[in-house]
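The next block holds one structure in the form of structure tokens; read it before the comments.
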Amino acid sequence: MAAPDLRAELDSLLLQLLRDLEELEAKRVALNARVEEGWLSLSKARYAMGTKSVGPLQYASRMEPQVCVCTSETQNGLQKFRVVRASAQTPEEVGPREAVLRRRKGLTRTPEPESSPAPQDPLNWFGILVPHSLRQAQASFREGLQLAADMASLQIRISWGRSQLQGLQDTLKQLESRVA
């Protein structure tokens, strides 16, 4: 590869890295704002309902996750993080639960309840009519979780870009040392 082509690629990679860094900083600011907003809304809910009404004593004895963080690989081999609802089924989970023959006609039985029902909304732990500030806190923390997953993906892309940039700089130095 010629030095001018290498420098052009180096410049475009550096510009992409700077754009990614700028996007990461914007997401950090947004994450800090969402978390701060969530804690403020939670304190408003505690004020409205009483400090003993919103606390660890109201948590369910058996908690189920509302969301899961999944990873996938992009075309260039980088990991990407996604936040998906825990109740959302992947294509592998859809279909018959058992790989056996079923009798279509004959005795009818009552269907057995599923062992894992859909996750319950955690706001119901605090009562039926919860203050709006508690719902706002939940929404803020959910948005913050999505931002955190985006930031993790972006940080992986930034570290990959930095390693690519370093490799191109080393190649350029070797090329220039041969010429000189």
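On a predicted model such as this, the values are computed, not experimentally measured, just so you know.
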* Asked: Would you say Trp125 and Leu123 are hydrophobically clustered, going by side-chain heavy atoms of ILVMFWY under 4.5 Å?
  -> yes
* Structure fact -> Smallest heavy-atom separation, Leu134 atom then Val54 atom, equals CD1-CG1, 4.4 Å
* **Backbone N/O of Ala149 and side chain of Ser153: donor-acceptor pair under 3.5 Å** => yes
* Asked: With a 3.5 Å cut-off and no angle check, do the side chains of Gln16 and Arg19 form a donor-acceptor pair?
  -> yes
* Structure fact -> Taking every heavy atom of Ala137 against every heavy atom of Leu42, the minimum-distance pair comes out as CB-N, 3.8 Å
* Asked: Taking it one step at a time, do Glu9 and Arg7 satisfy salt bridge (charged side-chain N to carboxylate O under 4.0 Å, His left out)?
  -> CA-CA 5 Å; Glu9 187 176 345; Arg7 286 191 176 142; over 6 Å; no
* Structure fact -> All heavy atoms of Leu13 vs all of Leu165, minimum pair found to be CD2-N, 3.4 Å
* Structure fact -> Here the pair of heavy atoms bringing Arg135 nearest to Ile128 is NH2-O, 4.3 Å
* Joint hydrophobic cluster, Leu147 plus Leu145, side-chain heavy atoms closer than 4.5 Å -> no
* Asked: Would you call Glu25 and Lys27 a salt bridge, using N to O less than 4.0 angstrom?
  -> no
* **Leu10-Trp160 co-clustered via ILVMFWY side chain contacts under 4.5 Å** => no
* To do: Quick one: sort the Phe126 and Tyr59 rings into parallel, tilted or perpendicular, breaks at 30° and 60°.
  => perpendicular
* To do: Rounded to the nearest 0.5 Å, what's the gap from CG on Leu21 to CZ on Arg162? Could you check?
  => 8.0 Å
* Asked: Is a donor on one side and an acceptor on the other found under 3.5 Å between the side chain of Gln58 and the backbone of Lys52?
  -> yes
* To do: Drop me the distance from Ser53's OG to Arg46's CZ, to the nearest 0.5 angstrom.
  => 11.0 Å
* What salt bridge (Lys or Arg N to Asp or Glu O under 4.0 Å) pairs are there with at least one residue in residues 67-83, not counting sequence neighbours? -> none
* Asked: Do side-chain atoms of Arg85 reach the backbone of Val67 as a donor and acceptor pair under 3.5 angstrom?
  -> no
* To do: State plainly whether one hydrophobic cluster holds both Leu6 and Leu14, where clusters connect Ile, Leu, Val, Met, Phe, Trp and Tyr through side-chain heavy atoms under 4.5 angstrom apart.
  => yes
* State yes or no: do Ile156 and Val69 share one hydrophobic cluster built from I, L, V, M, F, W and Y residues joined by side-chain heavy-atom distances below 4.5 Å, directly or via other members? => yes
* **Pair Asp121, Gln66: side-chain N/O donor-acceptor within cut-off below 3.5 Å** => no
* **With sequence neighbours excluded, residues passing salt bridge (charged side-chain N to carboxylate O under 4.0 Å, His left out) with Arg157** => Asp20, Glu23
* Sequence neighbours excluded, every pair satisfying side chain to side chain donor-acceptor pair (under 3.5 Å) that has a member inside residues 36-45 -> Arg34-Glu37, Glu37-Ser140
* Minimum heavy-atom separation for Pro131 to Ala48, with atom names? -> CG-CB, 4.5 Å
* So, for Phe141 and Gly38, which heavy atoms are closest and what is the spacing to 0.1 Å? -> CZ-C, 3.6 Å
* Taking C-beta and beyond as the side chain, do Asp150 and Phe81 meet within less than 4.5 Å on heavy atoms? -> no
* Structure fact -> Rounded to the nearest 0.5 angstrom, the OG-CD distance for Ser133 and Gln138 is 12.0 Å
* Student check: side-chain heavy atoms of Ser72 and Gln79 closer than 4.5 Å -> no
